[in-house]
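To start, the structure under review is shown below, and the notes come after it.
Heavy-atom basis, side chains included; hydrogens, waters and symmetry copies ignored. The chains referred to below are lettered A, B, ... by the order of the sequence lines, with proteins before strands, and numbering in each begins at 1.
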Protein chains: 2
Amino acid sequence: MSSFAPTEQRLDVTLGKYREFPRQPAVLVRLVKHLYKQIHDEANAILRPYGLNHPEYNILMMMYGTPDNAMNPSQLSDAAGEKSANVTRLTNQLCDKGLIARTASEDDRRKVTLTLTDEGTALIESFLPGISMLLLQQTGNLTTDEQGQLEKLLKKMLEGFPA
Amino acid sequence: MSSFAPTEQRLDVTLGKYREFPRQPAVLVRLVKHLYKQIHDEANAILRPYGLNHPEYNILMMMYGTPDNAMNPSQLSDAAGEKSANVTRLTNQLCDKGLIARTASEDDRRKVTLTLTDEGTALIESFLPGISMLLLQQTGNLTTDEQGQLEKLLKKMLEGFPA
DNA sequence: AGTATATAGTTCATAACTGAATTATCAATA
DNA sequence: TATTGATAATTCAGTTATGAACTATATACT
């Protein structure tokens with residue numbers, strides 16, 4: 001019995017009770033949730049020895065993935081998929097840990113610039129091998145072709161949500 | 001520019017900095033996270049007038065999707081994809097709201113039985129039309145065939161995680 | 001039968017997340 | 001130029017989620 005079977009059985013019974021129930025969409029939504037939870041938990045576990053949790057890691061990686069290791073909170077919010085209040089909280093924590101620095105922006109006084117410190121960059125580079133292996137493992141059940149298809153379908157589904 | 005483009009650009013730059021970075025798996029994981037967040041936020045918004053949030057709704061729907069509207073917390077934990085401590089917390093809240101009842105199990109003294117009340121069932125049936133429409137809308141960008149493919153691929157990916 | 005191990009669910013303290021309000025700043029409009 | 005509307009980020013109080021510990025109970029082993 002797969003880990004999704006209990007959920008799917010509940011959806012089947014629901015369809016029996018309420019004939020208009022959109023079973024297929026519900027299955028998809030539930031699969032996304034289950035997957036997210038697994039991904040999140042595994043990431044938290046592997047990042048713990050580095051003194052980080054999954055959302056903090058996500059923030060750091062988004063910053064690392066810029067030419068100059070710098071972003072402002074709104075950009076981070078979009079790229080990391082976190083709400084602005086949470087970006088503030090997470091970046092406060094990363095600042096406290098000395099992994100990023102916060103400075104005022106010169107061209108727009110409303111803006112803040114967040115920059116990876118050398119310590120932050122070093123930490124990222126220290127966990128990248130482990131995280132890379134985890135990512136490969138998490139998707140290892142899919143062939144390269146299947147991964148490409150999945151990417152295409154997930155993007156298409158995501159495009160249906162308001163930006 | 002799609003809502004995923006900022007994220008994807010960051011992953012592209014990351015690959016430039018760290019050549020072993022598994023970009024494709026990282027894209028998939030990020031897509032799942034973004035999707036989950038959108039689904040979660042939209043569900044919370046539509047359920048708010050019913051005095052429920054997304055995780056509470058998930059619990060209720062799993063119970064509704066049983067022949068006798070009853071489950072124990074471990075079954076719920078599996079089916080709803082919530083940790084046991086959270087199942088306790090969520091079901092306490094649903095009990096307080098009069099939507100479920102908690103009784104001791106007869107065959108196993110360690111077990112608890114959680115059952116939908118009439119009020120709980122009525123509430124579910126009152127939001128089912130709205131939720132159904134939301135589910136259809138959330139997956140509306142995909143054809144029926146694509147939805148089937150996506151289900152298959154998500155299940156395959158999920159099967160790669162420890163149960 | 002007695003002991004060791006596993007299970008079910010809860011508690012509790014801590015950490016994480018959120019929505020609404022806020023202030024300063026920028027951009028658009030009249 | 002003055003006013004209006006939008007944006008950026010933060011604060012704050014309340015809500016949600018979690019890991020570890022715990023107790024009672026069931027199961028497995030000796």
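Summarising the geometry, the separation between CG on B:L52 and C1' on D:dT16 is reported as 15 Å, rounded to the nearest angstrom. Here the C1' atom of nucleotide C:dG19 and the NZ atom of B:K37 are 13 Å apart, to the nearest Å. Look at NE2 on A:H54: it is 15 Å from C1' on D:dA17, rounded to the nearest Å. Regarding A:L94, its CG atom lies at a distance of 16 Å from the P atom of D:dA9, rounded to whole Å. Atoms CG (A:N92) and P (C:dA16) sit 13 Å apart, rounded to a whole Å. If you measure from atom CG of B:N86 to atom P of C:dC17, you get 13 Å, rounded to the nearest angstrom. Atom-to-atom, CG of B:L90 to P of C:dC17 comes out at 16 Å; the value is rounded to the nearest Å. Taking atom CG of A:D41 as the reference point, atom P of D:dG19 lies 6 Å away to the nearest angstrom.
The shortest distance between the side-chain N/O atoms of B:Q93 and the OP1/OP2 oxygens of D:dT15 is not below 4.0 Å. The side chain of B:S74 contributes an N or O atom lying less than 4.0 Å from OP1 or OP2 of C:dG9. Using a 4.0 Å cut-off, some side-chain N or O of B:N53 falls inside it from OP1 or OP2 of D:dT16.
Minimum atom distance to the side chain of B:R89 is reached by D:dA17, of the listed D:dA8, C:dT18, D:dA17. Counting only heavy atoms from C-beta on, B:K83 has its side chain closest to D:dG19 among C:dT18, D:dG19, C:dT10. Counting only heavy atoms from C-beta on, A:P73 has its side chain closest to D:dT10 among C:dT10, D:dT18, D:dT10.
A side chain to side chain contact (heavy atoms under 4.5 Å, CB included) with A:L154 is found for exactly one of B:V27, B:L142, B:L31, namely B:L31. Between B:M62 and the choices A:T14, A:V13, A:L11, the side chain to side chain contact (heavy atoms under 4.5 Å, CB included) rule is met once, by A:L11.
Here B:E56 lies out of heavy-atom contact (under 4.0 Å) with every strand.
In summary, A:E159 and A:K155 do not engage in a salt bridge, as defined by a charged side-chain N under 4.0 Å from a carboxylate O.
Comparing A:V87 and A:R48 along DNA chain D, the residue whose closest nucleotide (by nearest heavy atom) sits nearer the 5' end is A:V87. Residue A:S84 is the one, among A:S84 and A:N44, whose nearest nucleotide of DNA chain D lies closer to the 5' end (criterion: closest heavy atom).
A distance-only check finds no donor-acceptor pair linking the side chain of B:Q147 to the backbone of B:T144 [under 3.5 Å].
Defined by atom type and a distance below 3.5 Å, a donor-acceptor pair is present between the side-chain atoms of A:D107 and A:S105. Remark: the B:K97 side chain and the B:N92 side chain contain no N/O donor-acceptor pair separated by less than 3.5 Å.
Centroid-to-centroid, the aromatic rings of A:Y57 and A:F127 come within less than 6.0 Å.
A heavy-atom distance below 4.0 Å to DNA chain D is reached by these residues of residues 99-112 of chain A, ordered by number: A:R102, A:R110, A:K111, A:V112.
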